[in-house]
Amino acid sequence: MKDLDRKLKAYRISSGEYDRIQTLLGRPPRGIEWALFSALWSEHCSYKSSRVHLKNLFNKSPRVLMSFGENAGVVDLGRGEKVAFKMESHNHPSFIEPYEGAATGVGGILRDIFTMGAKPIALANYLCFGEPTAPRMASLVDGVVRGIGGYGNCVGVPTITGQTEFHESYNKNILVNAFALGLFREGEPILSAKAQGVGNLVVYVGAKTGKDGVHGASMASEAFDDDNSAKKPTIQKGDPFYEKLLIESCLEVMREKLVVAVQDMGAAGLTSSSFEMAARGEVGFNIHLDRVPLRDSSMTPEEILLSESQERMLLIVEPKNLAKLKTVFARWDLDAEAIGEVTKGPEVELFWQTESLCRLDPKVLVDEAPRYERPFYVWKNKNRVEESDVKKAVTPDIKKILTVMGDVRGNGRSWVFSQYDQRVGAKTAHDCRDSVGILRLPDTGRGLGMTLGCRPYLMRFDAKVGAIDSIAYPALELAAKGIETMAATDCLNYGNPEQPEIMSEFVATIEGMSAQCEALGAPIISGNVSFYNETMGENITSTPTTGLVGVCDSVEHLPKSHFVNKNSEVYLLSNVQMQISGLWSEVARSPTVGHGDIDVKSHARFVELTRKLVSEIRLEATRVVGKFGLGYALARMCEGRLGFAVDTAALRSSGIQSSDFFVEKLYQAILVVNSDHALKLRERFNELAGGAQAPIKLERLGTVVEDKFSLGDNLDCKVSEIQSAYQTSWEVLIAGLS
């Protein structure tokens with residue numbers, strides 16, 4: 001019995017799961033089967049704690065061509081253009097080995113994209129770090145940012161947007177989420193991961209297999225303890241130059257129609273790619289592990305199966321096309337070896353030289369993995385107070401804005417994104433300096449916009465509100481640039497799902513995100529769940545990261561996110577349903593409180609109205625009001641010598657008070673227009689809003705001025721003070737730390 005206990009611990013299989021395996025097989029697992037069940041029944045691969053809830057996500061739309069079950073989702077943009085995109089986590093590896101963990105996160109998400117047949121054209125990242133004073137945090141930040149830049153820059157795909165957060169809940173478990181998007185031009189094929197064609201060959205392509213990353217999927221499915229250094233051998237090592245070769249060679253053979261199906265060797269390596277492809281296609285495989293190209297000849301069959309060495313793919317190829325395919329990969333100096341064939345099945349049989357190591361129905365590993373219905377409770381609103389109490393929780397003070405602009409929670413992120421190549425490919429119209437990343441589509445000239453969402457402090461306030469906001473806020477950001485949201489992806493980062501509080505937040509997230517997506521008509525087409533982001537019993541803030549993608553007719557005359565011309569008029573477009581003390585309370589280390597709730601349908605109408613206004617009226621600049629409220633958002637728009645001055649008469653007539661510049665209101669957008677177009681803006685707003693949408697307001701705030709920033713009531717400072725505070729570097733933030 002002790003031997004069994006040791007084996008269960010080594011392979012991270014529970015006693016209940018062991019009993020289930022015995023029932024399915026009619027016997028105990030043998031030999032290499034232990035490793036197969038360990039990998040494919042891990043949380044990371046099987047989604048055993050989340051799958052029962054993920055089916056409730058809104059994912060229906062005529063524009064969706066591929067969705068869950070494939071490597072990435074695919075959306076038809078019309079006019080012959082399609083895009084594939086997805087987001088995934090690389091949290092655990094990045095905490096253990098920040099540079100390689102972050103770099104291979106970029107490499108892995110890129111492979112998910114070109115596996116579909118799309119050429120990668122954009123990257124983004126969502127990062128959550130702990131306090132600058134936390135142990136290792138300075139080196140974690142440095143390693144992760146350098147890893148992202150080191151891989152993405154070399155592989156030749158621009159990083160055009162992102163988000164970086166800091167909070168003590170990430171002190172012992174950082175988040176590194178990678179987003180990638182690829183383009184299909186007219187006539188280019190979409191590839192599936194569904195194996196088919198009895199007698200077709202199973203072909204291994206890419207880099208050789210080494211011992212890096214063995215048991216990586218299982219490692220990513222458990223919490224951290226006090227000895228994380230022991231997990232370093234499970235971290236993969238990437239080579240962006242190999243990845244570039246792999247991208248070009250794979251796209252070439254796909255466009256020459258030499259490939260039937262394709263799968264990235266990601267988590268669990270050859271194990272997941274082979275068994276999942278067979279299960280999807282309802283076929284069998286014969287796999288000869290001794291034919292796998294190796295970097296280390298001493299590797300065992302188990303290590304070969306579980307290795308997560310990077311830059312590798314598994315292809316299904318008709319025998320007649322093998323020679324042509326090998327010629328292409330040889331030209332790119334990459335391996336391409338037939339390691340097996342498709343059989344009628346349903347079993348996958350693994351061979352080592354002449355010995356049969358195991359023979360299993362792939363569905364036992366893929367479809368019969370446990371499905372846990374973890375305990376959770378029905379969500380109820382949290383931290384609500386009267387509207388007057390929200391205003392009491394914030395104190396209007398211009399010095400507070402300057403303070404948070406020099407704080408890690410509110411300062412500029414140029415020290416992050418300046419390390420990324422944002423312009424490679426010559427299609428970038430708006431990069432990381434703006435609130436939305438935008439590319440110029442090569443065939444139609446349309447704008448392809450993308451932005452990431454999730455404000456963790458809202459999740460700490462109320463998980464349902466934070467979940468809705470993770471869709472609502474980035475959708476409004478897109479609309480404020482004239483972009484219609486087409487679809488979304490997600491990366492759901494949570495702590496221990498065995499704790500009812502965490503599972504309750506997860507279920508509330510699914511409900512909130514899905515409701516807002518349905519109201520917007522923007523399906524969630526792909527995603528990832530990362531559980532067990534927990535160290536020594538401490539969970540991270542539940543963080544549902546999102547990536548939203550949309551299109552606009554042109555990249556000409558897109559509004560900036562900062563002031564452009566002196567004397568331009570500044571307006572506030574509002575549909576306020578909630579007011580919260582927000583990040584001001586967290587800075588003051590007091591409880592965040594709020595009043596009201598979000599009506600997802602009302603917000604969807606507001607998003608559409610905003611998009612139409614921006615599309616039809618020549619606006620100079622726009623910005624959605626977010627953390628720290630309206631005053632901070634206006635300060636963020638200061639550029640060069642240009643600042644802002646309120647129109648006190650206009651404020652009196654609209655009833656806006658000093659506290660309204662500091663309370664966070666969901667939702668508002670700042671619109672800046674040349675005085676020649678101001679009347680047209682007001683008239684078009686009145687036509688679009690109408691009496692039925694009376695809660696939506698357009699109010700004049702003031703004027704763009706030089707050298708001064710004024711919110712009235714003695715709330716003023718010099719523009720140079722704002723810029724000096726906002727441009728605080730990471731080196732200053734960590735000054736004095738060892």
Side-chain angles (χ1 to χ4, degrees), residues 3 6-7 9-13 29-40 42 44-45 92-93 96-97 99-101 103-104 107-108 111 202-220 227-239 241-243 245-246 263-275 285-314 326 329-330 333-340 348-360 365:
D3 287 342
R6 279 195 293 268
K7 212 160 194 178
K9 183 177 180 180
Y11 285 100
R12 301 170 174 91
I13 295 173
R30 296 191 292 249
I32 208 165
E33 292 171 346
W34 281 93
L36 300 177
F37 280 102
S38 174
L40 290 183
S42 68
H44 190 75
C45 290
H92 284 53
I96 298 168
E97 190 66 53
Y99 184 93
E100 293 295 349
T104 53
R111 289 194 299 280
V202 180
V203 180
Y204 171 116
V205 302
K208 288 180 168 58
T209 295
K211 292 186 178 182
D212 48 321
V214 175
H215 287 291
S218 299
M219 176 276 294
D227 184 23
N228 297 318
S229 61
K231 296 183 173 72
K232 280 194 175 183
T234 64
I235 307 304
Q236 313 96 322
K237 294 185 180 297
D239 185 332
F241 300 105
Y242 251 95
E243 183 99 337
L245 299 177
L246 191 61
Q263 172 74 35
D264 164 40
M265 287 193 223
L270 181 58
T271 298
S272 61
S273 56
S274 58
F275 280 86
F285 282 178
N286 285 338
I287 300 287
H288 296 267
L289 298 175
D290 50 290
R291 298 180 188 173
V292 173
L294 302 178
R295 293 202 309 261
D296 184 340
S297 61
S298 70
M299 291 184 69
T300 65
E302 181 172 317
E303 290 172 330
I304 293 170
L305 277 169
L306 296 182
S307 169
E308 294 183 10
S309 291
Q310 298 291 284
E311 294 90 39
R312 304 178 304 155
M313 313 282 274
L314 203 63
K326 287 172 73 74
F329 280 94
D333 199 25
L334 295 174
D335 285 301
E337 295 293 336
I339 63 169
V348 170
E349 188 166 10
L350 302 177
F351 293 91
W352 180 249
Q353 297 173 354
T354 59
E355 178 188 0
S356 174
L357 299 179
C358 77
R359 185 172 182 172
L360 286 176
L365 286 165

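Each residue takes its place number in the sequence, starting with 1. Values in this document were obtained by computation on a predicted structure and should not be read as measured data. The figures here come from the full heavy-atom set of this structure, side chains too, leaving out hydrogens, waters and symmetry mates.
- Panel note: side chain K208, backbone P293; no donor-acceptor pair is recorded below 3.5 Å.
- Rounded to the nearest 0.5 angstrom, D335 CG and E311 CD are separated by 12.5 Å.
- Taking every heavy atom of both residues into account, W352 and L357 meet most closely at CB-CD1, 3.8 Å.
- Listed here is the closest heavy atom pair of R291 and A338: CD-O, 3.6 Å.
- Between M313 and M265 the shortest heavy-atom distance is O-CE, 3.3 Å.
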ask   = Please walk me through it: do L314 and V202 pass side chain to side chain contact (heavy atoms under 4.5 Å, CB included)?
value = CA-CA 7 Å; L314 203 63; V202 180; 3.8 Å; yes
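- How far NZ of K7 is from CD1 of I13: 9.5 Å, rounded to the nearest 0.5 Å.
- Residues F37 and L360 have side chains in contact (heavy-atom distance under 4.5 Å, counting atoms from C-beta outward).
- The ring pair (Phe, Tyr, Trp, His ring centres under 6.0 Å) contacts involving residues 292-313 comprise nothing, where partners must be two or more places apart or lie in separate chains.
- Here the straight-line distance linking atom CG of N286 with atom CG of L350 works out to 9.0 Å at 0.5 Å rounding.
- Under the side chain to side chain contact (heavy atoms under 4.5 Å, CB included) criterion, S356 pairs with E349, F351, sequence neighbours left out.
- Looking at S273, its side chain does come within 3.5 Å of a backbone N or O of L270 through a donor-acceptor pair.
- Considering only residues two or more places apart in sequence or on other chains, E303 meets the salt bridge (charged side-chain N to carboxylate O under 4.0 Å, His left out) condition with none of them.
- Applying the side chain to side chain contact (heavy atoms under 4.5 Å, CB included) criterion to L245, with sequence neighbours excluded, gives W332, L334.
- For the ring pair (Phe, Tyr, Trp, His ring centres under 6.0 Å) condition, no pair includes a residue of residues 290-309, sequence neighbours left out.
- Taking every heavy atom of both residues into account, P301 and L289 meet most closely at CB-CD1, 3.9 Å.
- Distance check, rounded to the nearest 0.5 Å: CD of E337 to NE2 of H288 gives 13.5 Å.
- Residues that satisfy the side chain to side chain contact (heavy atoms under 4.5 Å, CB included) test with S297, not counting sequence neighbours, are absent from this structure.
- Shown here for A268 and C45, the closest heavy-atom pair between the two residues is CB-SG, 4.0 Å.
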key: Trace of the side chain to side chain donor-acceptor pair (under 3.5 Å) decision for R295 with T209   = CA-CA 6 Å; R295 293 202 309 261; T209 295; over 6 Å; no
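- At distances below 3.5 Å, at least one donor-acceptor pair connects side-chain atoms of E33 with backbone N or O atoms of R30.
- Using a distance-only test at 3.5 Å, with no hydrogens or angles considered, no donor-acceptor pair links the side chain of S38 to the main chain of W34.
- Contact annotation: the side chain of I339 approaches that of I287 to within less than 4.5 Å [non-hydrogen atoms, C-beta and beyond].
- In terms of modelled atom types and a separation under 3.5 Å, the side chain of R312 and the main chain of S309 share a donor-acceptor contact.
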ask   = Between R111 and Q310, does a side chain to side chain contact (heavy atoms under 4.5 Å, CB included) hold up when you go through it step by step?
value = CA-CA 10 Å; R111 289 194 299 280; Q310 298 291 284; 3.0 Å; yes
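- In this structure, CD in E97 is found 6.5 Å from CD in E100, a value given to the nearest 0.5 Å.
- One distance of note links NZ of K211 with OG of S307; it measures 10.5 Å at 0.5 Å rounding.
- Considering all non-hydrogen atoms of both residues, V203 and A336 come closest at CG1-C, 4.3 Å.
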